[in-house]
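Some notes on the structure that comes next.
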Amino acid sequence: MDQEIVQRIEKEMEEAMKRYDPSHDALHVKRVRRTALAIAKTLDPPPDMLVVEIAALMHDMADKKYVKLEEGKTLFDHFLPVFEGIPVGEGTNAAIHLGRDRLELVSKVVENVSWTTERKLRAAGTITSWHTECKELHCVQDADRLDAIGAFGIMRCAAYSSATNRPLYVPQEDYESKKYPKDCSAIDHFHDKLLHIKERLKTDAGRAMGEKRHQTMLDFLAAVDEEASAI
């Protein structure tokens, strides 16, 4: 029954993600789901695997870059109709089957996955013990961040840059002449954010995967510098 719910949520996710560019498409979500579950299996005691899987599948369904919640509506309110619309047996639905505590945890994990959210909480000094101890959050958070670095991260950065018409690379002299606004390129995004992701991974398995992916980015950036200097 749980897997039937997961399959229905996956279909809801696939439909929702059709609106987004390839940097945040259904294939990205499925990679995050796969990585989050792999990380979860390394933890002892294990987290709630169903919460990890559902939160991973839903983590971009309300991404602030693309979706604005109705005023006064919480993420739990936003997601509840999805669960209520999934029938489970006769006369009940996924919301009832999973229970409010699980749905609230899914919503809370999704609400706190993003890099920007964590950065704002740290700046405000409002990181709580839940943020530092919740294994379900850490599995999905690490998985999402791992897909932002390494080979897939490089491709996703280029895809998002294309979707938003962000230049891929800007020579230093063009910044100095004010031809382009400061730090506006895809390459700048690596230095502003992506190269720092390794420092914010929460699990041992995530950090191990992050090391290799971080090196992939360093090699890529070195190649960019080499090729740009030859022009």
Original post:
Are any non-hydrogen side-chain atoms of L50 and V6 less than 4.5 angstrom apart?
Top reply: yes
**OP:** Decide if atom CD of Q215 counts as having more than 12 heavy atoms of other residues, nucleotides or ligands within a radius under 6.0 Å.
**Re:** yes
Original post:
Do I39 and M209 touch side chain to side chain, with heavy atoms closer than 4.5 Å?
Top reply: yes
**OP:** Test salt bridge (Lys or Arg N to Asp or Glu O under 4.0 Å) on K182 and E176 and set out the steps.
**Re:** CA-CA 9 Å; K182 189 174 178 354; E176 291 171 357; over 6 Å; no
**OP:** Mind checking the NE2-CG spacing from H28 to D21? Nearest 0.5 Å is all I need.
**Re:** 10.5 Å
Original post:
Would you say R156's side chain and S23's backbone share a donor-acceptor pair under 3.5 angstrom?
Top reply: yes
Original post:
Roughly how far, to the nearest 0.5 Å, is the CG atom of D60 from the CG atom of D144?
Top reply: 6.0 Å
Original post:
Any luck finding a side-chain donor-acceptor pair between H138 and H131 under 3.5 Å?
Top reply: no
**OP:** Using modelled atom types only, decide if a donor and an acceptor are shared between the side chain of D188 and the backbone of S185 within a distance under 3.5 Å.
**Re:** yes
Original post:
Going through the checks in order, is the salt bridge (Lys or Arg N to Asp or Glu O under 4.0 Å) test met by E199 and R145?
Top reply: CA-CA 11 Å; E199 305 158 11; R145 292 175 185 184; over 6 Å; no
Original post:
Hey, quick one: are V170 and F190 part of the same hydrophobic cluster, counting side-chain heavy atoms closer than 4.5 Å, chains of contacts allowed?
Top reply: no
**OP:** Keeping the roles fixed (side chain from D142, backbone from T203), state whether a donor-acceptor pair exists under 3.5 Å.
**Re:** yes
Original post:
Got a donor-acceptor contact below 3.5 angstrom from the S177 side chain to the D174 backbone?
Top reply: yes
Original post:
Would D183 and H189 count as having a side-chain donor-acceptor pair, cut-off 3.5 Å?
Top reply: no
**OP:** Treat each ILVMFWY residue as a node, draw an edge where side-chain heavy atoms are under 4.5 Å apart, and state whether W130 and V113 are in one component.
**Re:** yes
Original post:
Once you round to the nearest 0.5 Å, how far does CD1 of I54 lie from CD1 of I5?
Top reply: 6.5 Å
**OP:** Determine whether C139 and V52 make a side-chain contact, defined as any pair of heavy atoms from C-beta on separated by less than 4.5 Å.
**Re:** yes
Original post:
Do the charged groups of K11 and E15 touch, with an N to O distance under 4.0 Å?
Top reply: no
Original post:
Is Y160 linked to F220 within one hydrophobic cluster, defined over Ile, Leu, Val, Met, Phe, Trp and Tyr using a side-chain heavy-atom separation of less than 4.5 Å?
Top reply: no
**OP:** Ignoring hydrogens and angles, tell me if any N or O in the side chain of Y20 forms a donor-acceptor pair with the backbone of A26 under 3.5 Å.
**Re:** no
Original post:
If we ignore angles and hydrogens, is there a donor and acceptor under 3.5 Å between the side chains of T117 and N112?
Top reply: no
Original post:
Please walk me through it: do F76 and E111 pass side-chain contact (heavy atoms from CB on, under 4.5 Å)?
Top reply: CA-CA 9 Å; F76 176 85; E111 193 169 24; over 6 Å; no
Original post:
Is the shortest side-chain N to carboxylate O distance from K179 to E173 below 4.0 Å?
Top reply: no
**OP:** Return the minimal non-hydrogen interatomic distance between P22 and A159, and the atom names on each side.
**Re:** CB-CB, 4.3 Å
**OP:** Kindly give the heavy-atom pair with the smallest separation between L168 and S161, and that separation in Å.
**Re:** CD2-CB, 3.9 Å
Original post:
So, do E53 and Q3 sit near enough that their side-chain heavy atoms are less than 4.5 Å apart?
Top reply: yes
Subject >> Check: F79 and L103 side chains under 4.5 Å, non-hydrogen atoms >> reply: no
Original post:
Side chains of K30 and M13: closer than 4.5 Å at any heavy-atom pair?
Top reply: yes
**OP:** Indicate the atoms forming the closest heavy-atom contact of Y175 with C184, along with that distance.
**Re:** OH-N, 3.1 Å
Original post:
Atom OG in S107, atom CZ in R102: separation rounded to 0.5 Å?
Top reply: 13.5 Å
Subject >> salt_bridge(E118, K202) N-O dist < 4.0 Å >> reply: yes
Subject >> Distance (rounded to the nearest 0.5 Å) between L146 CG and R213 CZ >> reply: 5.0 Å
**OP:** May I ask you to check if R31 and F152 form a cation-pi contact, with NZ or CZ under 6.0 angstrom from the six-membered ring centre and within 45° of the axis?
**Re:** yes
**OP:** State, with a plain yes or no, whether a side-chain heavy atom of L195 is found less than 4.5 Å away from one of L218.
**Re:** yes
Subject >> C134 versus L105, closest heavy-atom pair with distance >> reply: SG-CD1, 4.2 Å
**OP:** Ignoring hydrogens and angles, tell me if any N or O in the side chain of E136 forms a donor-acceptor pair with the backbone of V109 under 3.5 Å.
**Re:** no
**OP:** Report yes or no: does H196 contribute a side-chain atom to a donor-acceptor pair with the main-chain N or O of H191 at less than 3.5 Å?
**Re:** yes
Subject >> Side-chain (R200) to main-chain (W115) donor-acceptor, under 3.5 angstrom >> reply: no
**OP:** Could you pull out the closest heavy-atom pair between R8 and G85, with the gap in Å?
**Re:** NH2-O, 3.4 Å
Original post:
Distance-only, no hydrogens or angles: does the K135 side chain make a donor-acceptor pair with backbone N or O of P45 under 3.5 Å?
Top reply: yes
Subject >> Side-chain (T35) to main-chain (V32) donor-acceptor, under 3.5 angstrom >> reply: no
Subject >> Considering all heavy atoms, the nearest R207-L201 contact >> reply: NH1-O, 3.1 Å
Original post:
Do H59 and H24 have ring centres separated by under 6.0 Å?
Top reply: no
Original post:
What is the distance from atom OG1 of T132 to atom CD1 of I127, rounded to the nearest 0.5 Å?
Top reply: 8.0 Å
Original post:
Linking I/L/V/M/F/W/Y whenever any side-chain heavy atoms sit under 4.5 Å apart, do L75 and L80 land together?
Top reply: yes
**OP:** Check whether M49 and V106 end up in the same hydrophobic cluster, where Ile, Leu, Val, Met, Phe, Trp and Tyr are linked by side-chain heavy atoms less than 4.5 Å apart.
**Re:** yes
Original post:
Are P81 and F83 side-chain neighbours, meaning at least one heavy-atom pair lies under 4.5 Å?
Top reply: no
Original post:
Any side-chain donor-acceptor pair under 3.5 Å between T216 and D219?
Top reply: no
